[in-house]
Amino acid sequence: MADQDDDRTLRTAIERLRVKPGSDLVLSKRATDDDFGMTKDEALERLAETRSRIDVLQQRLYAESRRSVLLVVQAMDAAGKDGTIRNVLTGLNPAGIRVASFKAPAGPEAQHDYLWRVHQVCPSRGEIVVFNRSHYEDVLVVRVKSFVPEDVWRRRYGHIRHFEELLGDEGTTVVKVFLHVSKDEQARRFQERLDDPEKRWKFRAGDLDDRALWSEFQSAYEDAINETSTADAPWYVVPADSNSRRNMAVGEILRATLERLDPQIPEPEAGLDGVKVV
Ligand code: AMP
Ligand code: MG
């Protein structure tokens, strides 16, 4: 009984991370360090259970082969996009899961509209795809660094809403997470990257330029999230100062998305009852 209560409490806490359509998200009012009342070990244990359940649901989604899931992961540098993806998806069947990462557009990507490269790597029926960065960069870094004029990036909110609506109508459930890290925690993690030879490759001098534009990025995130968190393609603002709770929370969001889809394994062929394999 206590377990069921805990489960409900956690689900409520996760649901509170969702940005309701029409609400006015202010990131400074959202926690970066919520522990969800769990110790690190409890969060790790919970994520392990959640992954087992995701594994079952993923197999069913694949077997059903009608619908798909797109999980978009966005964040400031060092908030833990890579670590979240690794920890939430580890051990799942690679046949039904794919990660697509988006860097600054180059070659043919830069010769097309900004959604061209994105649409191509959206999930096939039965697949779960995770975006490590996404089309949202085109209203985030592109806005903050003035790569295009304001009238151009402003129009994109509408494109993105319509694009995600199209995906939803055609069978792809879209869910989006913003890993919300504090500026202090980012400083700690940057320093760790610089000091650890195994991690230094992740650090680019340009990361400090982006850090200097922290408040501009936060405003761009607020606008992007407010403009595009819809009932069918919601944003969740996930506290990201603690890796274990962050991973746990993203696992919960993916699991809840799959539970709502309730994928069904196909009916077996008729006439298989009593068949003996000799
Ligand atoms: P990382 O994720 O650390 O490997 O860095 C990828 C870089 O690509 C980040 O600095 C992003 O801001 C940048 N990036 C991704 N998409 C775009 C885009 N559409 N326009 C400009 N820069 C982008
Ligand atoms: Mg980076």
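Just follow the structure's listing: the first ligand is 1, and inside any ligand the first atom is 1. These values consider heavy atoms only, across backbone and side chains, with no hydrogens, waters or symmetry-generated copies.
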| field | Ala110, Ala75, Ala104, Ala106: member with heavy atom nearest to atom 8 (O) of ligand 1 | value | Ala104
| task | Compare Asp210, Asp207, Val141, Asp209 and give the one whose heavy atom is closest to atom 21 (C) of ligand 1. | result | Val141
| His162 side, atom NE2; Thr228 side, atom OG1 - distance, nearest 0.5 Å | 13.0 Å
| remark: When rounded to the nearest 0.5 Å, the distance separating CE of Met38 from CZ of Arg245 is 9.0 Å
| field | Counterpart residues, side-chain hydrogen bond (donor to acceptor under 3.5 Å, both in side chains), relative to Asn243 (two or more places apart) | value | Arg189, Arg246
| said: Please say yes or no: joined through hydrophobic side-chain contacts below 4.5 Å, possibly via intermediate residues, are Val174 and Val73 part of one cluster? | reply: no
| Is Glu109 near ligand 1, meaning one of its heavy atoms is under 4.0 Å from it? | no
| When you check the side-chain N and O atoms of Asp195 and Gln191, is any donor under 3.5 Å from an acceptor? | yes
| Whether Phe131 and His135 hold their rings parallel, tilted or perpendicular, with breakpoints at 30° and 60° | perpendicular
| request: Using the six-membered ring wherever Trp is involved, compare the ring planes of Phe178 and Tyr221 and label them parallel, tilted or perpendicular (cut-offs 30° and 60°). | output: tilted
| remark: Atoms of ligand 1 under 4.0 Å from any heavy atom of Val142, numbered from 1 in the order shown, are 20 (N)
| task | Report, in ascending order of atom number, the atoms of ligand 1 lying under 4.0 Å from any heavy atom of Arg117. | result | 16 (N), 17 (C), 18 (C), 19 (N)
| field | Residues which pass ring-ring contact (aromatic ring centres under 6.0 Å, His included) with Tyr114, listed by chain and number, not counting sequence neighbours | value | His159
Using a plain distance cutoff, I'd like to know if [X] has any nitrogen or oxygen under 3.5 Å from a nitrogen or oxygen of ligand 1.
| X | value |
| --- | --- |
| Lys81 | no |
| Arg133 | yes |
| Pro105 | no |
| Asp138 | yes |
| Asn132 | no |

Region of [X] that comes within reach of ligand 1 [heavy atoms, distance under 4.0 Å]:
| X | answer |
| --- | --- |
| His135 | neither |
| Arg204 | side chain |
| Lys103 | both |

| task | Go through the steps for Arg255 and Glu259 under the test salt bridge (charged side-chain N to carboxylate O under 4.0 Å, His left out), then give the verdict. | result | CA-CA 6 Å; Arg255 172 189 172 157; Glu259 299 278 11; 3.2 Å; yes
